Amino acid sequence: MPGNHPAVRRTPAARRRVASTPSVLVTLDPGRQVPLHQQVYADIRDAILSGRIAARAQLPSSRLLAGELGISRTTVSLAFDQLRAEGYLETRERGGTFVAATIPDRALSAARRPAARPSPRPAARPAPAAPALGPSRRGIVLSAPTTPAMAVSSHPARAFRTGIPALDAFPHSVWGHISARLWRRAPRTLLAYGAPNGYEPLRRAIAHYIQMSRAVRCTAEQVIIVGGSQEALYLSAQLLVEPGDAAWIEDPGYAGARNALAAAGARIVGVPLDDEGLDVAHGRRLAPHARLAYITPSHQYPLGVTMSIGRRLAMLDWARQSGAWILEDDYDSEFRYSSRPLPSLQGLEAEDNARDGRVIYIGSFSKTLFPSLRIGFLVVPSMLVDTFGAARAVLDRQSPTVEQAVLAEFIAAGHFARHVRRMRALYAERQDALLRAAHDGPLAEHVQTIAADAGMHLVAWLRHIRDDMHASACALDAGVEAPSLSAKCLSFNQPAALLLGYAGFTPQTLAKASERLAVALQVARKSPHKRTSAPVAGTGHHT
Ligand SMILES: Cc1ncc(COP(=O)(O)O)c(C=O)c1O
């Protein structure tokens, strides 16, 4: 509590300088494989990078923080030591631990400023010490994602892992035939270096498909092929955001976007949601001049809300007024079961704005085909085509041409549309199977859930358990993967819930996993584990 910290009580000025209760910025999960000191380190580092703890703010002592978190002082000291070694914290002579005046990612932007004028008589300086071995500051920022969600388990997917399509129903033979035929002819152009923006026939096939199915307004020129949405997010963040710029993300939201933006030095601003999608007015209050907003308007990840038309227009208004970019991630819009999809936000932008539109549309074949394909795409305003192409060439030159050619033919020959239609029917059946277990089967006692009109997972609200991370850990002990909703939250609390992916699993597998999950939730209920700390303050329920 703020009042517990002696420095807070001193003067109003001191109150402002002391980091507000770092304990609420730290969310410990003893069930995770990550050691506790690493969790403390990562959360404080995240709070510093996102500006939630200001530069030069004083932190409470390791003893006080350890007491508030209910962990040993050595654990906190280890975290502080690491933060100190990496330049995030410094210790002052007269005691106390402070956030450094220049934090590592800000130093990146400082490096771009013109060099200071040399002093007329340079003072004699000791020879600089050899730099310590290890990654650069940029490397440290990049390799320590703000959430561990990018670490993908190497185990085969178990129910209810989210984001896994029906790999058992993939049309291997069609894909194999196209691939074999291409290899038999294998024109040399397919084997040589290709265009960084992507294989022309694939760009045309995608442009045609998204114009028809998502009302995206674009030419093939504006389509840039990348290695999945993740590369699209990474490139967009690097090319459009200056270190220190604010960036809105949905809260709760997708860790892949959050990590890509944090890696570019963005100040991450979580914006809450309601049943119309991202609350634009709230975003305007939190960070009116944000440089960019990341949203999933067709089907919000993970809550599944579809952004209303009013909100879409409010989003575009804000972006136009404040000169911000909007990243529209349309990751699973193909799987809509009961209602008609709204056209893309990109398509809503007025026609005469096409050259200097503010929306960057992102798509991926990870959900419609398979994730290891690593093919996704961006649709960028014309003025950005060359910038993205040039950056792509520097990063990894291009995506593999043969896979792009197979995919181009798969789409052009109508196999893609057919596969998506089949999967839509299959996923609707699988969702029904999971709903039966949740409504009439073993899970009914523990969770409350309603049918989703789109997507590949359900949100299962826990009836009796308040700590969904604990429930998720108990499920994992029982061999069931059910990520917690809290793990996707940044600043705003949600009621406890688990995310249950169904698309990748047969009804039989879903039924068995539901039984195991019900047993695990019974165990979790009997051994309630108090969440060590909620996400940061200023919380409220926004579903
Ligand atoms: C919101 C969201 N966007 C995009 C993706 C796909 O990412 P990628 O194309 O990098 O595989 C996912 C995957 O889970 C996702 O949840």
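Indexing begins at 1, ligand by ligand and atom by atom, following the structure's order. All values below come from the heavy atoms of this structure, side chains included, with hydrogens, waters and symmetry mates left out. The structure presented is a predicted model; accordingly, all values stated were derived computationally and were not measured.
In this structure, W248 has its ring center no closer than 6.0 Å to that of Y294. Centroid-to-centroid, the aromatic rings of F416 and F365 come within less than 6.0 Å.
Applying ring-ring contact (aromatic ring centres under 6.0 Å, His included) to H457 and the options F160, F505, Y301 leaves one that passes, Y301. Here the rule is side-chain contact (heavy atoms from CB on, under 4.5 Å) with I360, and of L292, L239, L240, I326 only L240 fits it.
Cation-pi contact between R397 and Y193: present, with separation from the ring centre below 6.0 Å and deviation from the ring axis of at most 45°.
Taking both residues in full, the closest heavy atoms of H299 and A454 are given as NE2-O, 3.2 Å, listed atom of the first, atom of the second, then distance. The shortest non-hydrogen separation linking R203 to E221 is NH2-O, 2.8 Å.
For R374, the heavy-atom gap to ligand 1 drops under 4.0 angstrom. Residue-ligand proximity: Y234 is placed with every non-hydrogen atom at 4.0 Å or more from ligand 1. The closest approach between G228 and ligand 1 falls below 4.0 Å for a heavy atom of the residue.
Under a 4.0 Å criterion applied to the non-hydrogen atoms of S229, ligand 1 contributes the atoms 4 (C), 6 (C), 7 (O), 8 (P), 9 (O), 10 (O). Interface of Y301 with ligand 1, defined as ligand atoms under 4.0 Å from a residue heavy atom, comprises 1 (C), 16 (O). Taking every non-hydrogen atom of K367 and a distance limit under 4.0 Å, the qualifying atoms of ligand 1 come out as 12 (C), 13 (C), 14 (O). The contact set between ligand 1 and Y294, taken as ligand atoms under 4.0 Å from a residue heavy atom, comprises 1 (C). Every atom of ligand 1 with a heavy atom of Q230 under 4.0 Å away is listed here by number and element: 10 (O). Set against the non-hydrogen atoms of S364, the atoms of ligand 1 under 4.0 Å away are 8 (P), 9 (O). Contact atoms of ligand 1 toward S366: 8 (P), 9 (O), 11 (O) (distance under 4.0 Å to a heavy atom of the residue).
Considering CG of L313 and CE of M307, their distance stands at 10.5 Å, rounded to 0.5 Å.
Using cut-offs of 30° and 60° for the angle between ring planes, the H415 and F410 rings count as tilted.
Closest to atom 12 (C) of ligand 1 among all protein heavy atoms lies Y254 OH, 3.4 Å.
Taking all heavy atoms of D332, D330, D329 into account, the minimum distance to atom 3 (N) of ligand 1 is reached by D329.
No N or O atom of T296 sits closer than 3.5 Å to an N or O atom of ligand 1.
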